[in-house]
Amino acid sequence: AVVNAANARLAGGGGVDGALHRAAGPELKKASEPQGPITPGEAVITPGFNLPNDYVIHCLGPVYGRDQPEDELLASCYKNALKLAEEKGVQSIAFPAISCGAFGYPIEEAASVAFKTIKGELPGLSSVVLIRFVLWGEGAMEVHQKVMRKIYS
């Protein structure tokens, strides 16, 4: 499964959301829109259509400084995505840096929330055996690696 940093309407947009919708084809919009709107922290799942992934898990991350408590809402994105992946028997899941683009979440804070949340969820996972982060640029990867080493060491 691939995780989509979605908008509330699940209608496609910019960034990760737009790229996934363009690659998956118009069927993704037809499957996702009826499940919206969603609120920050919520997640829904659709087939992947023309993507190489079986599923797309659409999460609405919080807008930093507006949606409160932003750390709990962001953590809910990761928890809910993993829950949906488990329900579908997904073995691998790929996350973007949810809320770090247009929603303005500082990347180091967001990475800390993500890795702490995932670490807490690991004991309950049975089908998910591979968790990836697909990030935009070397800077984002370096921040995530630093935070991951700190949390998992």
Side-chain angles (χ1 to χ4, degrees), residues 1-8 10 13 15-17 19-21 23-24 28 31-32 34-49 51-153:
V2 62
V3 175
N4 178 19
N7 60 52
L10 303 172
V16 171
D17 191 22
L20 287 172
H21 274 266
L28 184 61
S32 61
Q35 296 188 63
I38 60 174
T39 60
E42 284 189 293
V44 298
I45 193 167
T46 63
F49 299 103
L51 294 169
N53 314 88
D54 292 335
Y55 299 102
V56 177
I57 299 172
H58 309 264
C59 294
L60 179 59
V63 174
Y64 191 78
R66 186 181 79 195
D67 298 322
Q68 300 292 326
E70 56 217 4
D71 59 335
E72 291 178 24
L73 294 170
L74 185 58
S76 290
C77 286
Y78 290 95
K79 288 178 186 176
N80 289 330
L82 289 169
K83 179 181 179 211
L84 289 171
E86 281 290 314
E87 288 173 2
K88 294 291 186 179
V90 168
Q91 293 180 330
S92 68
I93 186 168
F95 286 102
I98 298 170
S99 285
C100 291
F103 288 4
Y105 215 113
I107 193 162
E108 192 163 342
E109 287 180 45
S112 182
V113 170
F115 289 125
K116 286 177 183 176
T117 302
I118 290 168
K119 185 176 183 180
E121 296 297 306
L122 287 176
L125 300 178
S126 58
S127 66
V128 175
V129 295
L130 177 63
I131 299 171
R132 289 190 173 135
F133 277 77
V134 180
L135 305 166
W136 185 257
E138 288 293 319
M141 185 159 69
E142 289 169 6
V143 169
H144 277 74
Q145 286 173 331
K146 179 182 98 175
V147 173
M148 186 174 70
R149 281 193 293 271
K150 181 179 174 185
I151 291 172
Y152 288 93
S153 64

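Just so it is clear, the values below take in all heavy atoms, side chains as well, and ignore hydrogens, waters and symmetry mates.
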S.K.: Is the shortest heavy-atom distance from the side chain of Leu60 to the side chain of Glu42 under 4.5 Å?
M.R.: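 No. Closest side-chain heavy atoms not under 4.5 Å.
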S.K.: Got a sec, which pairs hit ring-ring contact (aromatic ring centres under 6.0 Å, His included) with one end in residues 65-100, sequence neighbours left out?
M.R.: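 Applying ring-ring contact (aromatic ring centres under 6.0 Å, His included) to every pair that reaches into residues 65-100, excluding sequence neighbours, yields Tyr78-Phe95, Phe95-Phe133.
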S.K.: Would you confirm whether Gln35, through its side chain, and Ile45, through its main-chain N or O, come within 3.5 Å as a donor-acceptor pair?
M.R.: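 Between the backbone of Ile45 and the side chain of Gln35 there is a qualifying donor-acceptor contact (under 3.5 Å).
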S.K.: Using every non-hydrogen atom in the two residues, find where Val113 and Ala75 come nearest and quote the distance to one decimal.
M.R.: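 The pair with the smallest heavy-atom distance is CG1-N, 3.7 Å.
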S.K.: Without swapping roles, check the side chain of Lys88 against the backbone of Tyr55 for a donor-acceptor pair under 3.5 Å.
M.R.: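 No; zero donor-acceptor contacts below 3.5 Å.
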S.K.: Quick check for you: to the nearest 0.5 Å, what is the distance between His21 atom NE2 and Asn7 atom CG?
M.R.: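 The CG atom of Asn7 is 7.0 Å from NE2 of His21, to the nearest 0.5 Å.
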S.K.: Of all heavy-atom pairs between Phe115 and His144, which one has the smallest distance, and what is that distance?
M.R.: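 That would be CE1-O, 3.4 Å.
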S.K.: Any non-hydrogen side-chain atom of Glu70 less than 4.5 Å from a side-chain atom of Asp67?
M.R.: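 Of all side-chain heavy-atom pairs linking Asp67 with Glu70, none is under 4.5 Å.
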S.K.: Can you see which heavy atom on Ala43 is nearest to which on Asn80, and at what distance?
M.R.: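 Looking at all heavy atoms of both residues, the shortest contact is CB-CB, 3.8 Å.
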S.K.: side-chain contact (heavy atoms from CB on, under 4.5 Å) for Val56 and His58? Distances and angles first, verdict last.
M.R.: CA-CA 6 Å; Val56 177; His58 309 264; 3.4 Å; yes
S.K.: Measure the CG-SG distance between Leu74 and Cys59 for me, rounded to the nearest 0.5 Å.
M.R.: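 Here the rounded value is 9.5 Å.
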S.K.: Testing Pro37, Pro34, Ser32 one by one against Leu10 for a side-chain contact (heavy atoms from CB on, under 4.5 Å), which residue passes?
M.R.: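 Testing each of Pro37, Pro34, Ser32 against Leu10, the sole residue satisfying side-chain contact (heavy atoms from CB on, under 4.5 Å) is Ser32.
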S.K.: Taking atom NZ of Lys116 and atom NZ of Lys150, what is their separation to the nearest 0.5 Å?
M.R.: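 Reported to 0.5 Å precision, the distance equals 7.0 Å.
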S.K.: Cut-off 3.5 Å, no hydrogens considered: what does the side-chain donor-acceptor table look like for residues 96-110, sequence neighbours left out?
M.R.:
| unit_1 | atom_1 | unit_2 | atom_2 | d |
| --- | --- | --- | --- | --- |
| Ser99 | OG | Pro62 | O | 2.8 |
| Glu108 | OE1 | Lys146 | NZ | 3.3 |
| Glu108 | OE2 | Lys146 | NZ | 3.1 |
| Glu109 | OE1 | Tyr64 | OH | 3.2 |
| Glu109 | OE2 | Tyr64 | OH | 3.4 |

S.K.: If I take atom OG1 from residue Thr117 and atom CD from residue Glu72, how far apart are they, to the nearest 0.5 angstrom?
M.R.: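 Thr117 atom OG1 to Glu72 atom CD measures 10.0 Å (nearest 0.5 Å).
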S.K.: With distance as the sole test, does Glu86 use its side chain to make a donor-acceptor pair with the main-chain N or O of Ser127 at under 3.5 Å?
M.R.: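 Looks like yes, one N/O pair under 3.5 Å.
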S.K.: Which heavy atom of Ile93 sits nearest to which heavy atom of Ala85, and what is that distance?
M.R.: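 The answer is CD1-CB, 4.1 Å.
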S.K.: Which atom pair, heavy atoms only, marks the closest approach of Ala1 to Ile57?
M.R.: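 Taking every non-hydrogen atom into account, CB-CD1, 4.0 Å.
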S.K.: Could you walk me through whether Thr46 and Leu28 pass the side-chain contact (heavy atoms from CB on, under 4.5 Å) check?
M.R.: CA-CA 7 Å; Thr46 63; Leu28 184 61; 3.1 Å; yes
S.K.: Which heavy atom of Pro40 sits nearest to which heavy atom of Gly61, and what is that distance?
M.R.: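 Reported closest heavy-atom pair: CB-O, 4.3 Å.
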S.K.: Verify the neighbour count for atom CD of Gln68: are there more than 12 heavy atoms of other residues, nucleotides or ligands below 6.0 Å?
M.R.: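 More than 12 within 6.0 Å, yes.
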S.K.: Test side-chain contact (heavy atoms from CB on, under 4.5 Å) on Leu82 and Ile131 and set out the steps.
M.R.: CA-CA 9 Å; Leu82 289 169; Ile131 299 171; 4.2 Å; yes
